[in-house]
Amino acid sequence: YVLPVLAVGLLIAVNSSGGDAKTELKKLEGTWGMVSGEAKGEKLPESTIKSAKLTIVGDKHTVKVGEDTIIGTHKLDPTKKPKAIDAMDTEGPFKGKTTFGIYKVEKGVFTVCFAPPGKDRPKEFTTKSGTGELLHVWKLKKE
């Protein structure tokens, strides 16, 4: 009797965590404008921030910054502290690579911090010189 109960418990746990990720994905859907950004401990230029646009539909993202376009998919794990995001780019400078990050969504603001490909997930929402980490703060645009 113990084994079937364990199996059902595992299925419920998997479905509920999957549900959380689905709920989180829904929160991220839409078009976002960058309000601030940092790379390697330096603030991004105002022109970069103003031109940056992020569009999320389901688990797919498109980032446009000036002439550059980055396209890819992402996977969320809202059970981690801080919440985890893995991004796999199909177009752009990190094409074919996975970057590990952390994120939070509060009051229409999406904050994300990524390590460069091949590096460990950041532990906090900050960047330092020499790390290659990126910190972006996005605000949901009203359609």
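FYI, side chains are in, hydrogens and waters are out, and symmetry mates aren't considered; it's all heavy atoms of this structure.
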Any side-chain heavy-atom pair of Pro93 and Ile70 under 4.5 Å: yes
Transitively linked via ILVMFWY side-chain contacts under 4.5 Å: Val63 with Ile85? yes
Check the surroundings of atom NZ in Lys53: do more than 12 heavy atoms from other residues, nucleotides or ligands lie under 6.0 Å from it? no
Is Lys104 positioned over the aromatic face of Phe125, cation under 6.0 angstrom from the ring centre and no more than 45 degrees off axis? yes
State, to 0.1 Å, how close Gly66 and Ser51 come at their nearest heavy-atom pair, and which atoms those are. N-OG, 3.3 Å
Would you call Lys83-Glu24 a salt bridge at under 4.0 Å N-O? yes
Met88 reachable from Ile102 in the ILVMFWY side-chain graph, under 4.5 Å edges: no
Closest approach of Ile56 and Leu28, non-hydrogen atoms and distance? CB-O, 3.3 Å
Count I, L, V, M, F, W, Y as connected when their side-chain heavy atoms are under 4.5 Å apart, and connections chain through other members. Are Ile71 and Val65 then in the same cluster? no
Please walk me through it: do Thr111 and Leu135 pass side-chain contact (heavy atoms from CB on, under 4.5 Å)? CA-CA 7 Å; Thr111 305; Leu135 175 68; 3.9 Å; yes
Smallest heavy-atom separation, Glu133 atom then Pro116 atom, equals N-CD, 4.0 Å
Between Leu44 and Val137, is there shared hydrophobic-cluster membership here, with clusters defined by ILVMFWY side-chain heavy atoms closer than 4.5 Å? no
Would you say that Asp89 contacts Thr99 through its side chain, given a criterion of any heavy-atom pair below 4.5 Å between the two side chains? no
Validation row: Thr73, Lys60 side chains within 4.5 angstrom (heavy atoms): yes
Aromatic plane relationship, Trp32 with Phe110 - under 30° parallel, 30 to 60° tilted, over 60° perpendicular: tilted
